[in-house]
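Read through the structure below, which is laid out as structure tokens, and then see the notes.
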Amino acid sequence: MEVVMVPYLLALLFLPLSLMFILRKRDSSSKTLPPGTSGWPLLGENMEFAVLGPQKFIKDRMEKYSAEVFQTSIMGEKMAFFCGAQGNKFLFSSENKLLTSWWPQSMKKALLFPEFVESSLKEVSALKRSFLHDILKPEALKQYIPLMDAMAREHLDQNWDSNRVVKVFPLSKKYTFDLACRLFMSLVDPEEIKRLADPFTLVTNGMFSMPIDLPGTAYNRAIKGGEMVRDELMRIITQRRKELTENQETSGRDLLSKMLLVTDEDGQFMSEMEISNNIIGMLVASFETTSSAVTSVLKYLAELPHVYDEVYREQVAIAKSKGAEDLLTWEDIEKMKYSWNAARESLRLTPPAQGSFRETVTDFTYAGFTIPKGWKTFWSVHSTHKNPKYFSDPEKFDPSRFEGSGPAPFTFVPFGGGPRMCPGKEYARLEVLVFMHNVVKRFKLEKDIPDEKIVFHASPVPVYGLPVRLLPHGN
């Protein structure tokens with residue numbers, strides 16, 4: 001019986017796949033689709049993307065298929081990868097016209113409220129979007145700089161000063177997450193922060209994995225972690241709403257209170273689920289991408305003494321212009337011009353975010369190819385950041401690229417562009433510069449593993465966490 005059933009079951013399995021392939025071929029026969037391949041049935045090119053890494057995957061296909069747009073299949077979706085400055089410009093300017101938001105299933109199920117996310121992502125009101133941008137503008141963030149500085153000093157006192165060698169990546173994750181919890185929700189209790197941080201680790205480790213919900217998989221752990229994060233956030237949000245109502249507060253002391261108090265044109269408040277999803281988005285950026293950015297900057301400072309010396313000279317001059325106990329101000333940040341150029345060059349060479357997905361809402365033509373309705377699109381930093389067409393000697397670390405008018409438009413895109421440019425761009429700039437200031441004031445850095453490799457998870461991550469030797473000045 002088993003011998004007869006096996007081929008029968010295999011036939012049942014592959015028949016729908018065959019019909020789907022035939023129908024797809026028939027449907028696309030009259031259209032000139034972008035060149036490329038869909039890879040293996042069901043698997044697509046997920047394995048190639050994981051093994052090669054996003055940079056080499058995109059570079060190889062740009063050379064083999066098209067430097068403008070190519071097709072592939074990632075995470076079970078037909079996808080068009082747009083390349084180069086023109087591809088970036090086209091996608092950034094087509095938001096809400098040809099494209100709408102789309103998140104991979106693994107991210108939606110692990111991170112957000114599944115029953116709410118579709119309408120939330122596709123129909124975000126202008127008020128809510130502008131509200132997030134407003135509270136993350138430089139004018140609004142200036143007030144946070146002294147607290148960022150104080151927390152950076154405290155973090156180094158507790159976790160760096162007593163050690164000869166530290167692992168930069170896990171410590172930068174701790175600092176950026178602690179800071180986000182403090183600024184966004186006024187959380188200071190280490191145990192309360194830990195109840196969010198531990199499950200967040202599960203989420204970020206599995207949110208870009210294959211969506212196979214079986215015990216022991218990264219995706220399964222991410223879903224469980226996401227449930228714990230959402231439960232804890234809902235507890236915090238509910239408690240804060242109660243406090244605001246009882247105290248009749250009308251001005252918010254942090255991001256969470258401001259979200260709870262804002263209303264739309266009809267006087268409606270944001271729901272707890274909306275607030276939770278927005279807070280989660282901010283925490284993901286703080287937990288993964290910002291900590292990755294901090295880690296990369298310190299990696300290059302440890303590798304390149306001439307760059308470190310320029311950053312050190314600039315930061316010491318700022319420190320000497322202040323009292324020893326005086327905290328950093330907006331005016332101090334504005335003086336960190338070379339340091340920010342060095343940080344931007346780090347973002348070019350090791351961008352913490354890889355790009356962004358969208359979904360097409362209608363057929364359209366780009367570069368002579370038809371992109372069908374329902375396809376997913378992706379723009380990536382990796383089609384321009386190390387492209388010699390846009391950056392000469394692209395592997396060289398050269399902060400002078402950002403002097404004057406800087407790189408050509410749509411070539412340096414670590415924060416995206418267009419109406420959905422990352423609203424946390426300025427927050428990330430302040431956080432990186434404040435941390436750089438405090439580290440270089442205290443230490444010179446030497447990599448403990450000179451040839452440590454970088455691997456890609458949600459962001460580029462040093463395999464061993466970037467252990468560095470700390471050399472206090474004057475020793």
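Below, all heavy atoms of this structure are taken into account, side chains as well, without hydrogens, waters or symmetry copies.
Side-chain N or O atoms of T370 include none that pairs as donor or acceptor with a backbone N or O of P372 at under 3.5 Å. Of the possible polar contacts, none joining the T384 side chain to the G84 backbone as a donor-acceptor pair under 3.5 Å is found. S94 places a side-chain N or O within 3.5 Å of a backbone atom of F90 that can act as its donor or acceptor partner. Remark: the backbone N or O of Q158 is not paired with any side-chain donor or acceptor of S162 at under 3.5 angstrom. With hydrogens and angles ignored, the 3.5 Å screen pairs no side-chain donor or acceptor of T411 with any backbone N or O of A85. At least one donor-acceptor pair under 3.5 Å links the side chain of E452 to the backbone N or O of G465. A distance-only check finds no donor-acceptor pair linking the side chain of Y144 to the backbone of L183 [under 3.5 Å]. Looking only at distances, no side-chain donor or acceptor of Y300 sits under 3.5 Å from a matching main-chain atom of A342.
Taking all atoms of both residues into account, the shortest heavy-atom contact from V168 to V468 is CG2-CG2, 3.6 Å. Closest non-hydrogen pair, I371 versus P34, comes out as CD1-CG, 3.5 Å. Pairing each heavy atom of C83 with each of A67, the nearest pair is CB-O, 3.3 Å. Nearest heavy-atom pair across R240 and M185 is NH2-O, 2.8 Å. The shortest heavy-atom contact between I236 and E192 is CG1-OE2, 4.2 Å. Annotation for L233 and S276: closest pair CD1-OG, 3.8 Å, computed over non-hydrogen atoms.
T295 and S172 share a side-chain donor-acceptor pair at under 3.5 Å. For the 3.5 Å distance criterion, the side chains of R358 and S356 qualify, holding a donor opposite an acceptor.
Residues V413 and V381 form a side-chain contact, since some pair of their non-hydrogen atoms from C-beta on lies under 4.5 Å apart. For the pair E227 and I223, the minimum side-chain heavy-atom distance is below 4.5 Å. Side-chain contact check for L99 versus T360: some heavy-atom pair is nearer than 4.5 Å. With a 4.5 Å cut-off on side-chain heavy atoms, F412 and H385 count as touching. Residues P352 and L347 have side chains in contact (heavy-atom distance under 4.5 Å, counting atoms from C-beta outward). Inter-residue side-chain proximity for L256 and S186 is flagged as unmet; no heavy-atom pair is nearer than 4.5 Å. Counting heavy atoms from C-beta on, the side chains of E232 and F200 never come closer than 4.5 Å. Taking the side chain as every heavy atom from C-beta outward, F410 and Q86 never approach each other to under 4.5 Å.
Residues satisfying the ring-ring contact (aromatic ring centres under 6.0 Å, His included) test with F443, not counting sequence neighbours, are none. In this view, T238 satisfies the side-chain contact (heavy atoms from CB on, under 4.5 Å) rule with no residue, not counting sequence neighbours. Checked against side-chain contact (heavy atoms from CB on, under 4.5 Å), V361 has the following partners two or more places apart in sequence or in another chain: T100. Partners of Y464 according to the ring-ring contact (aromatic ring centres under 6.0 Å, His included) rule, which considers only residues two or more places apart in sequence or in another chain, do not exist here. With sequence neighbours excluded, the residues that form a salt bridge (charged side-chain N to carboxylate O under 4.0 Å, His left out) with K386 are E395. Checked against side chain to side chain donor-acceptor pair (under 3.5 Å), Q71 has the following partners two or more places apart in sequence or in another chain: K78. In terms of the salt bridge (charged side-chain N to carboxylate O under 4.0 Å, His left out) criterion, K64 has no residue partners (sequence neighbours excluded). When the side-chain contact (heavy atoms from CB on, under 4.5 Å) test is applied to P54, the partners found at least two apart in sequence or on another chain are F49, Q354, H382, F456. Under the rule for a side-chain contact (heavy atoms from CB on, under 4.5 Å), the partners of N163 that lie at least two apart in sequence or sit in another chain are V166.
At a threshold of 4.0 Å, the pair E63-K59 counts as salt-bridged, since one of the basic side-chain nitrogens sits closer than that to a carboxylate oxygen. A salt bridge does not link D363 to K373: none of the charged side-chain nitrogens sits closer than 4.0 Å to a carboxylate oxygen. Under a 4.0 Å N-O distance rule, the pair E345/R348 qualifies as a salt bridge.
Tested against I280 for a side chain to side chain contact (heavy atoms under 4.5 Å, CB included), the candidates V229, I275, L196 yield a single pass: V229. Among the candidates T350, V455, I454, the single residue satisfying the side chain to side chain contact (heavy atoms under 4.5 Å, CB included) test with P462 is I454.
One distance of note links NZ of K174 with NZ of K194; it measures 9.5 Å at 0.5 Å rounding. Atom OG in S459 sits 7.0 Å away from atom CZ in F169 (nearest 0.5 Å). In this structure, N46 CG and S73 OG are separated by 7.0 Å, a value rounded to the nearest 0.5 Å. In this structure, F70 CZ and M79 CE are separated by 10.5 Å, a value rounded to the nearest 0.5 Å. Here S257 contributes atom OG and R241 contributes atom CZ; the two are 10.5 Å apart, rounded to the nearest 0.5 Å. Note that the CD1 atom of I279 and the CG atom of L255 stand 4.5 Å from one another [nearest 0.5 Å].
Residue pairs that meet the salt bridge (Lys or Arg N to Asp or Glu O under 4.0 Å) test with at least one member in residues 32-54, sequence neighbours left out, are E45-R61. Sorted by first and then second residue, the salt bridge (Lys or Arg N to Asp or Glu O under 4.0 Å) pairs with a member in residues 158-168 read D161-R442; sequence neighbours excluded.
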(request) Report the C-alpha distance between L445 and L470 in whole Å, list the side-chain angles of each, state the deciding distance to 0.1 Å, and finish with yes or no for side chain to side chain contact (heavy atoms under 4.5 Å, CB included). (result) CA-CA 5 Å; L445 308 173; L470 304 176; 3.6 Å; yes
(request) Evaluate the side chain to side chain contact (heavy atoms under 4.5 Å, CB included) criterion for residues V294 and V297: first the C-alpha distance (whole Å), next the side-chain angles of each, then the deciding distance (0.1 Å), finally the verdict. (result) CA-CA 5 Å; V294 168; V297 169; 5.9 Å; no
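Using a 30° and 60° split on the angle between ring planes, F357 and W102 fall in the perpendicular class, above 60°.
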I'd like a table of donor-acceptor pairs (distance under 3.5 Å, sequence neighbours excluded) in which one partner is a side-chain atom from residues 428-438, with atom names and distances.
from, atom 1, to, atom 2, distance (Å)
R429, NE, E426, OE1, 3.3
R429, NE, E426, OE2, 2.9
R429, NH2, E334, OE2, 3.3
R429, NH2, E426, OE2, 2.8
H437, ND1, Q315, OE1, 2.7
N438, ND2, D149, OD1, 2.9
N438, ND2, V434, O, 2.9

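In this structure, the ring of F92 has its center less than 6.0 angstrom from the ring center of W379. With ring centers used as reference points, Y65 lies 6.0 Å or more from F81.
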